[in-house]
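Basis for what follows: all heavy atoms, side chains included, without hydrogens, waters or symmetry-related copies.
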Amino acid sequence: MTSHVSAAPEPAVDARQAAIDSYRKRGRHKALAIVGLLIAVFASFLVAVIVGPLDISIADVFNAVFRPEQVDAQTQVVIRTLRLPAAVMAVLCGAALGLAGAQMQTILDNPLAEPFTLGISAAAAFGAALSIVMGWTLIDNPQFNLALTAAISALIAVAIVALASVWRGATAESMILLGIALSFFFQALLSLLQYSANIEALQQIVFWTMGSMQRANWTANAILAVVLLAAIPFCAANAWRLTALRLGDDRAAALGIDVKRLRLTTLLVASFLAASAVAFTGIIGFIGLVGPHVARMLVGEDQKYFLPGAAAAGAMLLSMAYAVSLSIIPGLAIPIGIITSLVGVPFFVFLIFTRARRRSA
């Protein structure tokens, strides 16, 4: 009579299954964190719509959008023409800057990087100032003409970085150093334009560089939405490649990834996102820096979760900053770039000292 003894499961199989289960569990936690960020985005969006000199409730917002006959004409105009476009633009610009910042930090391997590290903001400000001072007209619409010249100038700076990186090798160090040089160059040109501008043009330049949502309209929001939607497939397709890039260029290349091509294409996508946002709002700093760090603390470095988390965190932060800018002085919207800088500078200093302590340890 033969006895049948069941074979014990191999330890390697158990360890692999345990690792898979642990990864799936962490994935569910990260997905829940992103859902929480999206809820926070919606809450901050509602706050940004209802705050202001005119007393508006959430019910008024709902009625103005879905049942306009339930609200008076003044409330309907304020909500649909003034507040909703600006609040939507805050969400879209925050998402674009947060997503661009996450990609920049990944390809540059620097947690202190942001879209403006490569001179995008300085170049955009120079382009806008050039349009204001010289009176250049590319489109017969003052707002979109200013946005177009700012975007073109920003993309020219990005093209210089990309071409120089291809010529000298697309390394993170070369991109950062050239971006810093371009920032100083365009800032000097901007100062020269401000020095030669008249009082009216100088006021326009200063106000534009402070950043504002007051130029928001549905056409601009549609353009920003199209840019964001166009970037999503690229981010989804390259999420695993960007995650591998976090392990280092050599390991990523060993996995069959063309590191130089990935870095350059990601640079172009991130820069286009940042340039589009800046073109309509002016200079808004630190969202592209702080947003990715908030996402990193919640979901880690896995780009499948990190990229959407950074976009959601950027949208939340900019919506909150916009709501704060409307609440400090009743009836007056403080330029949002001032609010983001006041919050971002202490956080930036905190990151610098935290990074220094980790290196010394």
Side-chain angles (χ1 to χ4, degrees), residues 9-45 91-92 94-115 225 228-259 262-263 265-266 269-270 273 287-320 347 351 354-355 358:
E10 297 181 4
V13 176
D14 289 345
R16 183 174 63 181
Q17 187 59 43
I20 293 174
D21 293 341
S22 176
Y23 176 78
R24 289 175 177 172
K25 183 178 180 180
R26 291 197 301 270
R28 288 192 294 269
H29 290 166
K30 293 174 181 179
L32 288 175
I34 294 175
V35 171
L37 282 173
L38 292 175
I39 294 174
V41 170
F42 183 70
S44 59
F45 167 77
V91 171
L92 293 174
L97 292 175
L99 182 57
Q103 294 180 90
M104 286 290 186
Q105 292 178 10
T106 298
I107 64 173
L108 298 179
D109 192 24
N110 190 336
L112 302 181
E114 63 168 332
L228 265 174
L229 291 175
I232 289 175
F234 173 85
C235 296
N238 290 282
W240 75 271
R241 295 182 179 89
L242 292 171
T243 302
L245 190 62
R246 294 294 298 163
L247 302 175
D249 289 9
D250 294 336
R251 291 187 180 182
L255 294 173
I257 298 173
D258 188 339
V259 174
L262 176 64
R263 183 169 280 126
T265 53
T266 306
V269 171
L273 284 167
I287 297 297
L289 171 67
V290 179
H293 279 282
V294 172
R296 186 176 288 110
M297 289 187 291
L298 294 175
V299 300
E301 292 284 359
D302 189 344
Q303 303 286 312
K304 181 170 63 174
Y305 302 101
F306 176 55
L307 293 179
M316 176 193 68
L317 291 171
L318 193 54
S319 292
M320 293 174 60
F347 190 84
L351 289 177
T354 301
R355 186 173 173 84
R358 289 179 180 175

**OP:** Supply the atom-to-atom distance Trp240 CH2 to Leu255 CG, rounded to the nearest 0.5 angstrom.
**Re:** 6.5 Å
Subject >> Val91 versus Ala315, closest heavy-atom pair with distance >> reply: O-CB, 3.4 Å
Original post:
Has the side chain of Gln303 got a donor or acceptor atom that lies under 3.5 Å from a matching backbone atom of Glu301?
Top reply: yes
Subject >> Inter-residue atom distance Met316.CE - Ile39.CD1, 0.5 Å rounding >> reply: 12.5 Å
Original post:
What is the minimum heavy-atom distance between Pro111 and Leu289, and which atoms define it?
Top reply: O-CD1, 3.6 Å
Original post:
What heavy-atom pair brings Pro292 and Ala310 nearest, and what distance separates the two atoms?
Top reply: CA-CB, 3.9 Å
**OP:** Flag the pair Phe306 / Leu242 as yes when at least one side-chain heavy-atom distance between them is below 4.5 Å, and no otherwise.
**Re:** no
Subject >> Heavy-atom closest pair, residues Ala102 and Leu307 >> reply: CB-CD2, 3.8 Å
**OP:** Under the side chain to side chain contact (heavy atoms under 4.5 Å, CB included) rule, what do Arg251 and Leu245 come out as? Steps first, then yes or no, please.
**Re:** CA-CA 8 Å; Arg251 291 187 180 182; Leu245 190 62; over 6 Å; no
Original post:
Roughly how far, to the nearest 0.5 Å, is the CE atom of Met297 from the NE2 atom of His293?
Top reply: 8.5 Å
Subject >> Separation between NZ of Lys304 and OG1 of Thr243, rounded to the nearest 0.5 Å >> reply: 9.0 Å
Subject >> Closest non-hydrogen atom pair, Leu318 against Gly94 >> reply: CD2-N, 3.3 Å
Subject >> Residue from Arg246, Arg296, Glu114 passing side-chain hydrogen bond (donor to acceptor under 3.5 Å, both in side chains) with Gln105 >> reply: Arg296
Original post:
If every non-hydrogen atom of Ala253 is compared with every non-hydrogen atom of Val259, which pair is closest and at what distance?
Top reply: N-CG2, 3.9 Å
**OP:** Taking only Lys NZ, Arg NE, NH1 and NH2, and the carboxylate oxygens of Asp or Glu, determine whether Asp302 and Arg26 approach each other closer than 4.0 Å.
**Re:** no
**OP:** Would you give the length of the straight line joining atom CD1 of Ile107 to atom CZ of Arg241, rounded to the nearest 0.5 angstrom?
**Re:** 15.0 Å
Subject >> Nearest-0.5 Å distance that lies between atom CE in Met104 and atom OG1 in Thr266 >> reply: 9.5 Å
